[in-house]
Trainee: 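Got a structure for you, questions after.
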Amino acid sequence: MGKRRDENTDRRRVEARTRGSQVTVQKRRRKKRRRTNKVLIAILLFVIIAMVGACTLVWIKYGPTNERYDLNKYFGVEKESELGITVNNEVMEMKGLRIDNTVYIPYEIVRDYLNGRFYFDSNENILLYTLEDAIVRTDVGSKTYTIAKEEYTEDYAILKTEGHAAYIAIDFVKEYTDLDYVVYEQPGRVMIGTDFEERVVADVKRNTEVRLRGGVKSPILTEVSKGDTVRVIEEIGDWKKICTADGVVGYVKSSRLKKEEKITIDRDFQEQTFSNISVGKTINLAWHQVTSQTANNSVLEVIANTKGLTTISPTWFSVVDNAGNISSIASSTYVNYAHQSGIDVWALVDNFSDNIDQLELLSHTSARENLVNQLISEALKSGIDGINVDFEQIPTEAGEHYIQFIRELSVKCRLNNLVLSVDNYVPMGYNAHYHREEQGVVADYVIIMGYDEHYNGSFEAGSVASYDYVKSGIEETLKDVPAEKVVNAMPFYTRLWKEVPKTEEELESQEGSEAGLYEMKVTSEALGMTAARNRVNSAGAEIVWDDKVKQNYAEWQGADGATYKVWLEDASSLEAKLQLMKEYNLAGTAAWKLGFETSDIWDLILKYVN
């Protein structure tokens, strides 16, 4: 019995120890699970926090901003009287004015964007607008304006000035310009539309923001609503640059637009036209350099040496001062002789006097009026048929004044049945301010002086009028002027070039200048066709045809050690130029100058102008 009791006791003890061990293991397991759960929870929390942080960073980096851009700043409006300006799809830097409920636009915006025929004379505070047969004129602060001495009145001041800035009432501009405008508030701005012929528009799919630039991080300018129509300017990636109906130019996502299409808007406005005089035949004009009244007596001899000449242009008129006064050696006898030979006379006026400041002369309305009136008076007295304007070396800043002179002269010529022709350089970027396109509207003929490719003062020898130079001049002019108004002028002269190596001192002194790019010192002299050929023959030089420039070329070494070069103007070179005239259906040909040609030239020209 005692033994069994001891065994039971031992079993109970073992079971107790076992139960205790199991409890301990379970406790350890629970503790471990709790620790594991805490770690998992910590990791989970960390992951959640990291994800939230990452999402926040992504949102900060890529999510759309709600920042709004100040529209007053956008339109540049600082005062209540100021107006922001949008023209078509462009927000202007300059601001307009609102005075007594009248909208005023800066003259520069009117001239450059709305109607370039408006002209403001800041010297005499006059606003002008050129019509076909009259000049519209008003003064600063005036409600009245005149047309051909008839006076008219508006219920607002037409022209305002603030400091050096001039502003034109947009309602007055609208009388002569095909435009619409709407004024908006907060901020005050005016939306002006002029390009009605073709524009790209689209509908807005749903309400969306218009941003300053493409991208959701760009600040918001305004909103457009579902169904609004906006003007599409361009596409940049996933964004489109648009202009809203109220003149805000910004960006929306491309996906927010639909039904993109090109439209035209019918207008009742009648654009102003200018009538022109056409001689009704292919022009064969030549300039006659006349330097005195006595020289006019040579007209019969000069004409007798030509064939098929339709027009002669004597160099009779010169501007002599900044007040617009001219010198004249016009001769009615000369005109009568020309008319008896069936030849029209277009007298030339030049601006070559050293006494003239071109800007001073052309920027004063009173000086231009004086010049025009004197030219018309001389034309009527002598009985000429037209005026040929040969104004050269006009500075860029005088460009708008020069074309205004051409406009004003065109009105008086039109009223007096005088042909107006204007001489122009071969088109280059530096002479764009001559405004060939406007010349092609108001003048009867635009003449290309298709020579002086290389001239006295050039740093290298070359042709006076190579084929490509002449061709380019014609093609560029035709971009601005109708072919039936374009006359291409050819040279009856060439240049004989003399080249000598520069000394070391000359090279050093010219270092860094354009002249320093050339190692040869170059001079030249102008020669007529016969004189140039004689110089080549006397030198015993060989003449070869240069097919690139389409001229005969000669080169020789002189006894003085210099190299002489000449690109000859002759029947062969002129025929290539006359072929261009026919190819491009130009109004005719001209030549500088009578007396420099050989007799065979006239038979050649007759083949192309008859």
Side-chain angles (χ1 to χ4, degrees), residues 55-98 103 105-106 108-109 112-114 170 179-265:
C55 290
T56 301
L57 290 175
V58 169
W59 179 261
I60 291 172
K61 186 174 182 179
Y62 299 106
T65 181
N66 291 321
E67 177 191 356
R68 301 194 71 87
Y69 197 84
D70 183 356
L71 285 183
N72 286 288
K73 179 180 178 182
Y74 175 77
F75 285 105
V77 175
E78 298 176 354
K79 302 175 184 177
E80 188 176 347
S81 61
E82 292 179 339
L83 289 174
I85 302 173
T86 303
V87 179
N88 298 321
N89 55 14
E90 185 175 352
V91 177
M92 303 286 105
E93 289 188 14
M94 301 184 74
K95 299 179 288 293
L97 298 177
R98 179 163 42 188
V103 174
I105 305 298
E108 290 81 1
I109 291 180
D112 297 340
Y113 293 91
L114 305 183
I170 194 169
L179 67 82
D180 279 335
Y181 75 93
V182 183
V183 178
Y184 296 93
E185 304 296 338
Q186 296 180 351
R189 61 195 186 278
V190 56
M191 172 67 181
I192 305 172
T194 63
D195 54 345
F196 304 109
E197 291 185 1
E198 185 175 279
R199 58 177 62 180
V200 179
V201 299
D203 292 341
V204 179
K205 285 184 180 179
R206 59 189 178 88
N207 299 351
T208 191
E209 299 86 6
V210 179
R211 297 185 179 273
L212 180 63
R213 289 174 290 274
V216 294
K217 289 304 178 183
S218 182
I220 298 168
L221 293 173
T222 187
E223 289 85 14
V224 285
S225 301
K226 179 180 179 180
D228 285 351
T229 298
V230 296
R231 182 169 183 179
V232 179
I233 301 169
E234 62 179 329
E235 184 169 1
I236 303 175
D238 295 332
W239 294 79
K240 289 194 175 179
K241 186 177 183 181
I242 59 111
C243 182
T244 66
D246 57 352
V248 177
V249 177
Y251 293 81
V252 299
K253 283 192 172 183
S254 301
S255 59
R256 303 293 174 88
L257 301 179
K258 64 179 180 178
K259 294 183 180 178
E260 187 171 312
E261 61 180 341
K262 290 182 180 180
I263 65 168
T264 57
I265 299 175

Trainee: Below 4.5 Å, heavy atoms only, C-beta onward: do I109 and I192 meet side chain to side chain?
Mentor: no

Trainee: Are any of the side-chain heavy atoms of Y251 and I233 separated by less than 4.5 Å?
Mentor: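 With C-beta onward as the side chain, the pair stays apart.
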
Trainee: Out of curiosity, E209 CD to K253 NZ, how far, rounded to the nearest 0.5 Å?
Mentor: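 Interatomic distance, E209 CD to K253 NZ, rounded to 0.5 Å: 10.0 Å.
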
Trainee: With a 4.5 Å limit on heavy-atom distance, are the side chains of K240 and E260 in contact?
Mentor: yes

Trainee: Do you know the tightest heavy-atom contact between N207 and S225?
Mentor: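 Distance-wise, the nearest heavy atoms are OD1-CA, 3.3 Å.
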
Trainee: So which atom in S254 and which in G237 form the shortest heavy-atom distance, rounded to 0.1 Å?
Mentor: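 Closest heavy-atom pair between S254 and G237: OG-O, 4.1 Å.
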
Trainee: Just wondering, do V230 and V252 contact through their side chains at under 4.5 Å, heavy atoms?
Mentor: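 The answer is no; the side chains never approach within 4.5 Å.
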
Trainee: Just by distance, do the side chain of R211 and the backbone of K217 share a donor-acceptor pair under 3.5 Å?
Mentor: no

Trainee: Determine, stepwise, if the pair T244 / D228 fulfils side chain to side chain contact (heavy atoms under 4.5 Å, CB included).
Mentor: CA-CA 9 Å; T244 66; D228 285 351; over 6 Å; no

Trainee: Would you indicate whether D195, at its atom CG, is surrounded by more than 12 heavy atoms from other residues, nucleotides or ligands within a distance under 6.0 Å?
Mentor: yes

Trainee: Got a second to check how far K205's NZ is from R256's CZ, nearest 0.5 Å?
Mentor: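 Separation between the atoms: 9.5 Å.
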
Trainee: What pair of heavy atoms forms the shortest contact from T86 to C243, and how long is it?
Mentor: CG2-SG, 4.3 Å

Trainee: State which residues pass side chain to side chain donor-acceptor pair (under 3.5 Å) with R68; sequence neighbours excluded, sorted by chain then number.
Mentor: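 Applying side chain to side chain donor-acceptor pair (under 3.5 Å) to R68 gives E223.
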
Trainee: Could you state the interatomic distance from CD (E261) to OG1 (T229), rounded to the nearest 0.5 Å?
Mentor: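 One finds 8.5 Å between CD of E261 and OG1 of T229.
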
Trainee: Suppose we screen for salt bridge (Lys or Arg N to Asp or Glu O under 4.0 Å). Which residues come up paired with R98, at least two apart in sequence or across chains?
Mentor: E185

Trainee: If you count heavy atoms of other groups shown closer than 6.0 angstrom to CD of E93, is the number above 12?
Mentor: no

Trainee: Could you check if a side-chain atom of L71 sits within less than 4.5 angstrom of a side-chain atom of L221, using non-hydrogen atoms only?
Mentor: yes

Trainee: For V87 and M92, which heavy atoms make the closest approach, and how far apart are they?
Mentor: CG2-CG, 4.0 Å

Trainee: Is the shortest side-chain heavy-atom distance between Y113 and T194 below 4.5 Å?
Mentor: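 Counting from C-beta outward, Y113 and T194 never come under 4.5 Å.
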
Trainee: Measure the spacing between CG of D203 and CG of L257 and express it to the nearest 0.5 Å.
Mentor: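 Going from the CG atom of D203 to the CG atom of L257 covers 8.5 Å.
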
Trainee: What are the two closest heavy atoms between P187 and N72, and how far apart are they?
Mentor: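 Heavy-atom minimum between the residues: CB-OD1, 3.2 Å.
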
Trainee: Would you call D246 and M191 a side-chain contact if the rule is heavy atoms closer than 4.5 Å?
Mentor: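 No, side chains not in contact.
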
Trainee: So which atom in R231 and which in N88 form the shortest heavy-atom distance, rounded to 0.1 Å?
Mentor: NH1-CB, 3.8 Å

Trainee: Applying salt bridge (Lys or Arg N to Asp or Glu O under 4.0 Å), can you list everything that pairs with E234, at least two apart in sequence or on another chain?
Mentor: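 E234 satisfies salt bridge (Lys or Arg N to Asp or Glu O under 4.0 Å) with no residue once adjacent residues are dropped.
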
Trainee: CD1/I85 to CD1/I170 distance, rounded to the nearest 0.5 angstrom?
Mentor: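 Separation between the atoms: 8.0 Å.
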
Trainee: Roughly how far, to the nearest 0.5 Å, is CZ of R189 from OH of Y181?
Mentor: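 So the gap between those two atoms works out to 15.5 Å.
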
Trainee: Report yes if the side chains of V248 and F75 come closer than 4.5 Å at any heavy-atom pair, otherwise no.
Mentor: yes

Trainee: Determine, step by step, whether V210 and Y69 satisfy the side chain to side chain contact (heavy atoms under 4.5 Å, CB included) criterion, reporting the C-alpha distance in whole Å, the side-chain angles of both residues, the deciding distance to 0.1 Å, and the verdict.
Mentor: CA-CA 10 Å; V210 179; Y69 197 84; over 6 Å; no

Trainee: Closer than 3.5 angstrom, by distance alone: can the side chain of K241 be matched with the main-chain N or O of V249 as a donor-acceptor pair?
Mentor: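 No; judged by distance alone, with no hydrogens or angles, the pair does not exist.
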
